[in-house]
Amino acid sequence: MQRLRSRHQFQAVMAGAPVAKTPHFALHRAALSSAHEGRVLFPVADAWLGVMLPKRWAKRAVTRNAIRRQIYETARLQAASLPQAALVVRLRSEFSRKQFVSATSDALKRAVRAELEQLLARATPRAVKPAEARDAV
């Protein structure tokens, strides 16, 4: 898995609407064929991942860093099932400081990981079962 590094990579992925949402996160996805000024933004055919954690939703740096570590670790564990696309996980609302007093508590880490697993599972295009295909027609 590759990490998004440049501003242009993030802008290319964030240009579209989110493909999946959970109560605290949104997932944006873009094809790897994106280019900027004639240069390919994603030179390797692999899953690319970027993280956006605005200070607005996670005020303390220790909270942002703990969430960022959970995102990258969860994605690393699910790397085989991630599509070959550029993905950005964006924090879209804060975790309650009353419920999660410590920024590095195990409860917060479990809550973040559970939501991320749901989010990344939605990013993977699932195969349509024959029964679902009949019902869709």
Determine whether a donor-acceptor pair (N or O, by modelled atom type, separation under 3.5 Å) exists between the side chain of [X] and the backbone of [Y].
{"X": "His28", "Y": "Gly16", "answer": "yes"}
{"X": "Gln70", "Y": "Arg113", "answer": "no"}
{"X": "Arg29", "Y": "Pro18", "answer": "no"}
{"X": "Gln78", "Y": "Thr74", "answer": "no"}

message = Run the ring pair (Phe, Tyr, Trp, His ring centres under 6.0 Å) test against Phe42 and tell me which residues pass, sequence neighbours left out.
response =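 Trp48.
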Which atom of [X] lies closest to which atom of [Y], heavy atoms considered:
{"X": "Ala30", "Y": "Ala85", "value": "O-CB, 3.5 Å"}
{"X": "Met14", "Y": "Val88", "value": "SD-CG1, 3.6 Å"}
{"X": "Ala75", "Y": "Leu49", "value": "CB-CD2, 3.4 Å"}
{"X": "Ala20", "Y": "Arg122", "value": "CB-CB, 3.7 Å"}
{"X": "Met1", "Y": "Leu82", "value": "SD-CD1, 4.3 Å"}
{"X": "Leu32", "Y": "Ala45", "value": "CD1-CA, 3.9 Å"}

task = Indicate the ring-plane relationship of Phe95 and His24, choosing parallel, tilted or perpendicular according to the 30° and 60° boundaries.
result =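 Ring orientation, 0 to 90° scale: parallel.
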key: Close side-chain approach of Leu91 to Pro54, heavy-atom, < 4.5 Å   =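 Yes, close enough: below the 4.5 Å cut-off.
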task = For the residue pair Tyr72 and Arg68, establish whether any side-chain heavy-atom pair is separated by less than 4.5 Å.
result =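 They are in contact (side-chain heavy atoms under 4.5 Å apart), so the answer is yes.
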message = Side chains of Gln118 and Thr22: any donor to acceptor distance under 3.5 Å?
response =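 Result is no, nothing qualifies.
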key: side chain to side chain contact (heavy atoms under 4.5 Å, CB included) between Gln9 and Gln2, intermediate numbers included   = CA-CA 12 Å; Gln9 288 175 326; Gln2 308 290 318; over 6 Å; no
